[in-house]
Amino acid sequence: MESIFRNERFDICINAAGNGSVAFSIGNPKTDFEANTYHVIKILDAIRMYQSECKFLQISSVAVYGNPIKLPINECDNLNPLSAYGFNKLMSEMICKEYHTLYNLPIAIIRPFLYMV
């Protein structure tokens with residue numbers, strides 16, 4: 001990541017990488033952690049060192065809520081992940097908040113999901 005951000009200039013970095021499967025995360029928690037959490041801090045640290053003005057968009061997941069009590073979910077509802085995938089996505093959000101707070105990086109987090117009535 002360092003060489004990418006050291007050698008190229010970006011206005012925005014959208015992190016759509018990682019595992020997107022709860023079932024996969026249960027059978028492969030280490031791989032899921034690396035894909036959904038570890039790589040986030042590698043990207044953010046490279047941005048911190050070489051392009052602190054680069055905006056970062058973290059794509060998280062509705063899995064950070066676990067099984068919500070009510071629908072629709074409000075972004076301020078309690079976070080209670082139930083799977084490795086949900087925990088790792090929540091950890092990636094916490095890393096984003098840490099880098100925003102400590103290093104003033106411009107970061108946004110979204111939690112896309114499908115809601116059907």
Tell me whether [X] at atom [atom1] has more than 12 heavy atoms from other residues, nucleotides or ligands lying less than 6.0 Å away.
X     : atom1 : value
Lys30 : NZ    : no
Met49 : CE    : yes
Asn78 : CG    : no

Close side-chain approach of [X] and [Y], heavy atoms under 4.5 Å:
X     : Y      : result
Cys54 : Asp11  : no
Ser52 : Asn104 : no
Asn88 : Leu90  : no
Ile59 : Ile14  : yes
Lys55 : Cys13  : no

Rounded at 0.5 Å granularity, tell me how far [atom1] in [X] sits from [atom2] in [Y].
X      : Y      : atom1 : atom2 : answer
Thr37  : Met94  : OG1   : CE    : 10.5 Å
Phe10  : Ile47  : CZ    : CD1   : 9.0 Å
Ile12  : Leu57  : CD1   : CG    : 5.5 Å
His100 : Ile107 : NE2   : CD1   : 7.5 Å
Lys42  : Glu34  : NZ    : CD    : 9.0 Å
Asn28  : Phe24  : CG    : CZ    : 3.5 Å

For residues 44-67, which residue pairs pass the ring-ring contact (aromatic ring centres under 6.0 Å, His included) check, not counting sequence neighbours? none
Going by ring-ring contact (aromatic ring centres under 6.0 Å, His included), name the pairs with one or both residues in residues 72-99, residues two or more places apart or in two chains. Tyr99-Tyr103
Any luck finding a side-chain donor-acceptor pair between Asp32 and Asn36 under 3.5 Å? yes
For Asp45 and Ile41, indicate whether the former's side chain and the latter's backbone hold a donor-acceptor pair under 3.5 Å. no
If only atom types and distance count, is the side chain of Asp77 paired as donor or acceptor with the main-chain N or O of Ile73 below 3.5 Å? no
Given the rule that I, L, V, M, F, W and Y join up when any side-chain heavy atoms are under 4.5 Å apart, are [X] and [Y] in one cluster?
X     : Y     : result
Phe33 : Met1  : yes
Leu82 : Leu71 : no
Val40 : Val62 : no
Ile95 : Leu79 : no

Test: salt bridge (charged side-chain N to carboxylate O under 4.0 Å, His left out). Region: residues 96-108. Which pairs qualify, not counting sequence neighbours? none
Can you list the residues that meet the salt bridge (charged side-chain N to carboxylate O under 4.0 Å, His left out) rule with Glu2, with sequence neighbours excluded? none
Please name all residues satisfying salt bridge (charged side-chain N to carboxylate O under 4.0 Å, His left out) with Glu53, sequence neighbours left out, ordered by chain then number. Arg9
Of all the heavy-atom pairs spanning Pro81 and Gly86, show the shortest one and how long it is. CB-C, 3.4 Å
Could you list the residues that satisfy side-chain contact (heavy atoms from CB on, under 4.5 Å) with Ser60, not counting sequence neighbours? Val64, Lys89, Glu93, Ile109, Arg111
